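Below you'll find the structure, written out as structure tokens, and then a few comments.
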Amino acid sequence: MSLDTATVRRVASLARLRVEEAELPRLEAELNGILGWIEQLQAVDTTGVEPMAGGGAEQLRLREDRVTDGGIQQQVLANAPDRADVFFSVPKVVE
Amino acid sequence: MTAATDFTIAGARAALARREISATELATAHLDAIAALNPRVNAYITVTPEVALAQAAAADAALSKGEAGPLTGIPLAVKDLFCTAGTRTTAASKILGDFKPPYESTVTSQLLRDGAVFLGKANLDEFAMGSSNESSAFGGVENPWKRQGDDAVLVPGGSSGGSAAAVAARLALGATATDTGGSIRQPAAFCGIVGIKPTYGRCSRFGIVAYASSLDQAGPVARTVEDCAILLNSMAGFDPKDSTSADRAVPDFAAAVARGVKGLRIGIPREYRVEGLSPEIDALWRKGMEWLKAEGATLVDISLPHTKYALPTYYIVAPAEASSNLARYDGVRFGIREEGADLKDLYERSRAAGFGAEVKRRILIGTYVLSAGYYDAYYVKAQQVRALIKRDFDQAWGQVDAILTPATPTAAFGRDETQDDPVAMYLNDVFTITANLAGIPGMSVPAGLDARGLPLGLQILGRPFDEETVFAVGGAIERVAGFTATPSVRAAA
């Protein structure tokens, strides 16, 4: 599988990364280099192998359904690049 | 008396207890050394003298009242991937801007609970993605070691290159680090110090900037195996705030260091004799085998047949998780913002301006392998191969108690010798990456110098949650190797 320019543009859009047209050829070559190298995995017989998700052998725990924090509005907002009152501000979304 | 910056952690603890030195003197000596050397070494992104001196004063008060904890007055560097309340945390990326976390990571809060003094935040590859520390938005780190008769700048390894360089150059007695594919063990080997990545789940990930959550694990770097054990005893432990944290008692790692290797079965995996392995590292590996045999261990030839698939597996799993984890950097809630015509444009411009080239590459690879139509061919396939890599180890534990391998395929390389080929850079992690995929503990111990005077490390891998055996084997190698060499760039004694 190899990426063409249109696919690189689409993936960048999915990843919400602005990519200038001039960068596309270089990115395309680099990504294809990495993907070509990854291709060797197809040689491994994985028939019937359960995919390993997560890094540990431990079962994930459930916690008690209880509020454990809150009331930290100012801390949550403290690092906002732009805020209005107690809200994060963004460009107009709904016309 | 030992110079303040040359202490081991164990030695400093004894000297503080005997009041031969005060915590303030110890902190000041390190801050002076940082002021002198950091402009060149660049091991710290942020130095926090006020924080350090206040913590040292509190340590001296505790010592005088006889209320010292296990790390009271011990000056440490903190990898700038750990959130520290009120102190800027960057992950070595521009995208976090002037982010000051309102909370403390669990690992650093446990070190503070035990009395540690934080000198500052250590440099790293951006978002811990790299093996040379060259992808830091705050500039590369200089390895304190030099080739004999050659002043060329060498890389300290990565991603915990600032942590390792700070400890090697005597700019901290120890440091926190993290390891997703070798980011503790490879820089420890390049800088001639000890580093351990514990079992996945041993240290809480709460408050550590996430790269690849199923692989990330915190651990210490320090100048001796015992010092690493002392630090890990403080850093490890169950944390309800991390759903993958292991609810297990933390053993006394420091007590395991002197245990010896008599009767242990040490596996030598034949697949680790890879193409491109430096002959000197191969020779050191054989020497390590002889040392352990002479100390009473038995060597066992083992096979880990899926080893050669570990790197390509990692470069699917890690970018996939990274593309998801790094979605949070959107220019809205924290970090830098670039204004845009609409919300999507704001996201795209902020992320393009904030992330460096390697981070963007991994986000794009990760997004692609998770996208519709490719998920099964790449991501599920990689998870299946990962299961086979883990199974290789599970089967090996039936025959052996620990595994001995080289830590890296080469010694530290030059800043200008780095290939532009990302895949060539990825090969640095060929020996370390399997431990992250399998979730097992691994340690790098300095064991010798190459012909040009650069340090080389051996790696010890262990069973899940059996760091004690890893410490026992590492301690034995350290004693027999008698590694006492010091880098040419270091704090003046």
Side-chain angles (χ1 to χ4, degrees), chain A residues 1 3 7-8 10-20 23 26-27 30-31 33-58 60-64 68-69 72 74-83 88-93, chain B residues 97 99-100 102 200-201 213-215 217 240 243-244 246-247 306 309 312-313 315-316 323 327 330-337 340-344 346-349 351-352 355 360-361 363-365 367-368 371 374 377-378 380-388 390 421-423 436 439 464:
Chain A
M1 282 177 265
L3 301 186
T7 310
V8 176
R10 186 177 61 84
V11 170
S13 168
L14 284 173
R16 299 293 184 264
L17 271 177
R18 184 184 169 90
V19 174
E20 306 299 333
E23 297 175 76
R26 182 184 51 83
L27 269 178
E30 284 175 358
L31 297 183
I34 296 169
L35 288 170
W37 172 70
I38 284 170
E39 206 60 38
Q40 57 181 296
L41 286 189
Q42 302 308 326
V44 186
D45 182 4
T46 51
T47 316
V49 177
E50 187 67 25
M52 178 176 168
E58 316 267 315
L60 289 181
R61 300 178 304 279
L62 293 177
R63 67 167 174 80
E64 206 185 323
T68 55
D69 66 1
I72 53 170
Q74 289 310 316
Q75 289 181 53
V76 170
L77 289 158
N79 283 291
D82 190 15
R83 55 185 279 195
F88 297 108
S89 61
V90 293
K92 194 169 174 185
V93 177
Chain B
F99 176 66
K100 290 200 179 72
Y200 186 80
S213 304
S214 78
L215 302 162
Q217 204 21 227
S243 64
T244 61
D247 193 357
H306 294 90
Y309 298 112
T313 299
Y315 279 98
I316 293 175
S323 75
D330 58 5
V332 173
R333 291 157 299 153
F334 42 76
I336 63 157
R337 163 181 289 199
D342 55 26
L343 187 56
K344 183 166 187 263
L346 179 151
Y347 292 154
E348 291 185 342
R349 286 176 188 275
R351 289 163 64 78
F355 290 136
K360 286 179 189 169
R361 249 194 308 268
I363 289 175
L364 291 171
I365 289 281
T367 304
Y368 178 66
S371 64
Y374 300 100
Y378 285 116
V380 174
K381 184 78 182 179
Q383 286 183 307
Q384 288 176 311
V385 180
R386 183 177 181 184
L388 292 174
K390 181 173 184 298
D421 176 5
V423 173
N436 301 82

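To find a chain, count down the sequence lines: A is the first, B the second, and so on, and within it residues start at 1. Note that the coordinates shown come from a computational prediction; the quantities given were computed from them, not determined experimentally.
The shortest side-chain heavy-atom distance between A:Arg16 and B:Lys344 falls under the 4.5 Å cut-off. Two residues are said to be in side-chain contact when any heavy atoms from C-beta on lie closer than 4.5 Å; B:Thr367 and A:Leu17 fail this criterion.
Scanning all heavy atoms of the two residues, the minimum distance from B:Tyr378 to A:Glu39 falls at OH-OE1, 3.6 Å. Taking all atoms of both residues into account, the shortest heavy-atom contact from B:Leu364 to A:Val11 is O-CG1, 3.4 Å. The shortest non-hydrogen separation linking A:Ala43 to B:Tyr309 is CB-OH, 4.2 Å. In plain terms, the two heavy atoms of B:Ala377 and A:Gln42 that are nearest each other are O-NE2, 3.1 Å. Listed here is the closest heavy atom pair of A:Thr46 and B:Lys381: OG1-NZ, 2.9 Å. Counting all heavy atoms, side chain and backbone alike, B:Gly331 lies closest to A:Pro81 at O-CG, 3.3 Å.
Taking A:Arg83, A:Lys92, A:Gln75, A:Glu20 one by one and counting their heavy-atom pairs under 4.5 Å with chain B, the maximum is reached by A:Gln75. Comparing A:Glu23, A:Arg61, A:Arg10 by how many heavy-atom pairs each has under 4.5 Å with chain B, the most go to A:Arg61. Counting heavy-atom pairs closer than 4.5 Å to chain A, the top residue among B:Val385, B:Val380, B:Ile363 is B:Val385. Contact count versus chain B (heavy atoms, under 4.5 Å) is highest, among A:Ala53, A:Ser13, A:Ala12, A:Gly33, for A:Ser13.
For chain B, the nearby parts of A:Val44 are the backbone and the side chain; heavy atoms of each come within less than 4.5 Å. Interface residue B:Ser243: backbone and side-chain heavy atoms are both found under 4.5 Å from chain A. At a 4.5 Å heavy-atom cutoff, the contact between B:Thr313 and chain A is made by backbone and side-chain atoms alike. Residue B:Ala327: no heavy atom, backbone or side chain, is found under 4.5 Å from chain A. Contacts of A:Leu31 with chain B are made by both backbone and side-chain atoms, with heavy-atom separations under 4.5 Å. When heavy atoms are compared at a cutoff of 4.5 Å, A:Ala15 approaches chain B by way of both its backbone and its side chain.
A:Glu50 meets the side chain to side chain donor-acceptor pair (under 3.5 Å) test with no other residue; sequence neighbours excluded. Listed by chain and number, the residues in a side-chain contact (heavy atoms from CB on, under 4.5 Å) with B:Leu346 are A:Pro91, B:Val332, B:Arg337, B:Glu339, B:Ser350 (sequence neighbours excluded).
A distance of 5.5 Å separates CD1 of A:Ile38 from CD1 of B:Ile365, quoted to the nearest 0.5 Å. Rounding to the nearest 0.5 angstrom, the gap separating the CZ atom in A:Arg18 from the NZ atom in B:Lys360 is 11.0 Å. If you take OH on B:Tyr374 and CG on A:Leu3, they are separated by 7.5 Å, rounding to the nearest 0.5 Å. Within the model, atoms CD of A:Glu30 and CZ of B:Arg361 stand 4.0 Å from one another, a figure rounded to the nearest 0.5 Å.
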task = Take A:Asn79 and B:Arg333 through the test side chain to side chain contact (heavy atoms under 4.5 Å, CB included) and record every step on the way to the result.
result = CA-CA 7 Å; A:Asn79 283 291; B:Arg333 291 157 299 153; over 6 Å; no

